[in-house]
Peer 1: 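Below you'll find the structure I mean.
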Amino acid sequence: RTEHGLFVAEGEKLIGELRGSHLKVRKIFALEGVFAGPEVETVAPRDMERLSLLKTAALHNLIEGVIKVAIFLAYLILCSKQKDVRRVFCYHGAEHKTIFCYEAGLPLTVENARIQPKHHPRCGTSFLFVVIIVSILCSSIVFSYVNWQNIWVRIGMHLLLLIPVVGITYEFNRLVGRHDNALTRVLSAPGMWLQNFTVNEPDDSMLEVAIEALKLVLPEEKDKDRW
């Protein structure tokens with residue numbers, strides 16, 4: 001617009017008003033019978049849908065993604081303010097410390113678990129956050145090529161996308177959980193930060209519970225639980 005003095009407008013009413021104004025209309029893409037004139041190029045309904053929705057779909061998915069992240073953050077923050085939930089999140093911290101202790105090959109004791117970090121890269125909080133981000137990316141790609149304005153098509157596509165979204169997220173969590181380097185630390189940083197809302201420091205009694213719970217699910221065969 002700044003360089004060439006051009007801009008794009010969309011909508012039958014707006015185009016009609018522009019044609020009647022002092023502005024010069026260079027080109028009009030329209031369905032058959034909507035407009036007539038030398039500057040009008042008739043296009044098929046499917047081509048018109050692609051012309052009309054490519055940028056709109058991207059903007060729509062961006063807004064939808066921001067809303068999803070905002071709702072997720074608000075939910076976590078509100079939950080973390082509840083007294084009973086804060087206690088549950090202490091047990092969440094005990095679970096992480098116990099898992100770290102086990103993965104370090106240390107004896108499962110309160111003393112060994114107490115000194116472990118409370119944030120874990122394979123935490124469910126991180127998983128949910130990555131699910132949202134991956135779903136936004138997948139939706140931005142897919143809904144640029146389908147009629148996202150049809151509510152039933154949109155619902156159906158979201159359901160179908162659950163399969164690749166969860167699969168990609170699962171593999172992502174495995175990757176950052178199995179390797180500790182600069183790249184994986186950067187990739188897992190947002191999810192680790194979110195754990196500030198869902199993971200609290202446990203007391204020794206909570207660590208005892210977490211240790212006993214872990215012992216009950218440990219496989220009999222060594223290394224069968226390796227990631």
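All figures in this text were calculated on a predicted structure; none of them were measured in a lab. Below, each value reflects all heavy atoms present in this structure, side chains not excepted, and no hydrogens, waters or symmetry copies.
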Peer 1: Do you reckon F127 sits in the same ILVMFWY cluster as I133, going by side-chain contacts under 4.5 Å, direct or chained?
Peer 2: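 No, F127 does not connect to I133 through the hydrophobic network.
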Peer 1: L207 and F100: same hydrophobic cluster, using ILVMFWY side-chain contacts below 4.5 Å?
Peer 2: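 Looking at the clustering, F100 is in a separate group from L207.
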Peer 1: State whether the side chain of N200 and the backbone N or O of R86 hold a donor-acceptor pair below 3.5 Å, judged by distance alone.
Peer 2: yes
Peer 1: Taking ring-ring contact (aromatic ring centres under 6.0 Å, His included) as the definition, give me every residue that meets it alongside H158, ordered by chain and number, with sequence neighbours left out.
Peer 2: F143
Peer 1: Enter the distance from I77:CD1 to L194:CG here, rounded to the nearest 0.5 Å.
Peer 2: 9.0 Å
Peer 1: CG of L175 to CG of L183: how many Å apart, nearest 0.5 Å?
Peer 2: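 Going from the CG atom of L175 to the CG atom of L183 covers 7.0 Å.
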Peer 1: Short question: side chain of T184, backbone of H179 - any donor-acceptor pair under 3.5 Å?
Peer 2: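 Answer holds: yes.
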Peer 1: If every non-hydrogen atom of C90 is compared with every non-hydrogen atom of P202, which pair is closest and at what distance?
Peer 2: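 Closest approach of C90 to P202, heavy atoms only: O-CB, 3.3 Å.
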Peer 1: Any side-chain heavy atom of V69 within less than 4.5 Å of one from L73?
Peer 2: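 Counting from C-beta outward, V69 and L73 do come under 4.5 Å.
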Peer 1: Sub-3.5 Å donor-acceptor pair from the side chain of Q195 to the main-chain atoms of H120, do we have one?
Peer 2: yes
Peer 1: Evaluate H92 against C123 for side-chain contact (heavy atoms from CB on, under 4.5 Å), listing each step before the verdict.
Peer 2: CA-CA 9 Å; H92 192 182; C123 174; 3.4 Å; yes
Peer 1: Run V134 and F172 through side-chain contact (heavy atoms from CB on, under 4.5 Å) and show every step you take.
Peer 2: CA-CA 10 Å; V134 173; F172 176 88; over 6 Å; no
Peer 1: Do I136 and I155 land in one hydrophobic cluster if side-chain heavy atoms of ILVMFWY residues count as linked below 4.5 Å?
Peer 2: no
Peer 1: If you take all heavy atoms of G177 and P121, which pair is closest and at what distance?
Peer 2: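 Between these two residues, the closest heavy atoms are CA-CG, 4.4 Å.
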Peer 1: List for me each residue that meets salt bridge (Lys or Arg N to Asp or Glu O under 4.0 Å) alongside E212, sequence neighbours excluded, and say none if there are none.
Peer 2: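 Here the qualifying residues are K215.
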Peer 1: Hey, is the main chain of V131 close enough, under 3.5 Å, to the side chain of S135 for a donor-acceptor pair?
Peer 2: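 Confirmed, S135 side chain pairs with V131 backbone.
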Peer 1: Please walk me through it: do M206 and R87 pass side-chain contact (heavy atoms from CB on, under 4.5 Å)?
Peer 2: CA-CA 10 Å; M206 296 173 179; R87 179 172 172 79; 3.3 Å; yes
Peer 1: Would you say the side-chain atoms of E95 pair up with the backbone N or O of Y91, donor to acceptor, closer than 3.5 Å?
Peer 2: no
Peer 1: With sequence neighbours left out, which residue pairs that include part of residues 179-205 fulfil the salt bridge (charged side-chain N to carboxylate O under 4.0 Å, His left out) condition?
Peer 2: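 Non-adjacent pairs meeting salt bridge (charged side-chain N to carboxylate O under 4.0 Å, His left out): K97-E201, R114-D204, D180-R185.
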Peer 1: Which value, rounded to the nearest 0.5 Å, describes the distance between L187 atom CG and N181 atom CG?
Peer 2: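 Between atom CG of L187 and atom CG of N181 there are 8.5 Å.
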Peer 1: Kindly indicate, with the supporting measurements, whether the criterion side-chain contact (heavy atoms from CB on, under 4.5 Å) is fulfilled by L108 and L218.
Peer 2: CA-CA 12 Å; L108 291 175; L218 289 179; 4.1 Å; yes
Peer 1: To the nearest 0.5 Å, what is the distance between OG1 on T198 and NE2 on H119?
Peer 2: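 One gets 7.5 Å once the value is rounded to the nearest 0.5 Å.
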Peer 1: Backbone N or O of W193 within a donor-acceptor pair of the N196 side chain at under 3.5 Å?
Peer 2: yes
Peer 1: Same hydrophobic cluster for V88 and V209, using side-chain heavy-atom links shorter than 4.5 Å among ILVMFWY?
Peer 2: no
Peer 1: Nearest 0.5 Å, what's the OH-CG distance between Y102 and L214?
Peer 2: 7.0 Å
Peer 1: Where is the tightest heavy-atom contact between V165 and T169, given as atom of each residue plus distance?
Peer 2: O-OG1, 2.7 Å
Peer 1: How many angstroms lie between atom OG1 of T98 and atom CD of Q116, to the nearest 0.5 angstrom?
Peer 2: 9.0 Å
Peer 1: Could you tell me which non-hydrogen atom of P107 sits nearest to which non-hydrogen atom of C101, and how far apart they are?
Peer 2: O-SG, 3.4 Å
Peer 1: Hydrophobic clusters here meaning ILVMFWY residues chained together by side-chain heavy-atom distances under 4.5 Å, can you tell me if F129 and L78 are in one?
Peer 2: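 Looking at the clustering, L78 is in a separate group from F129.
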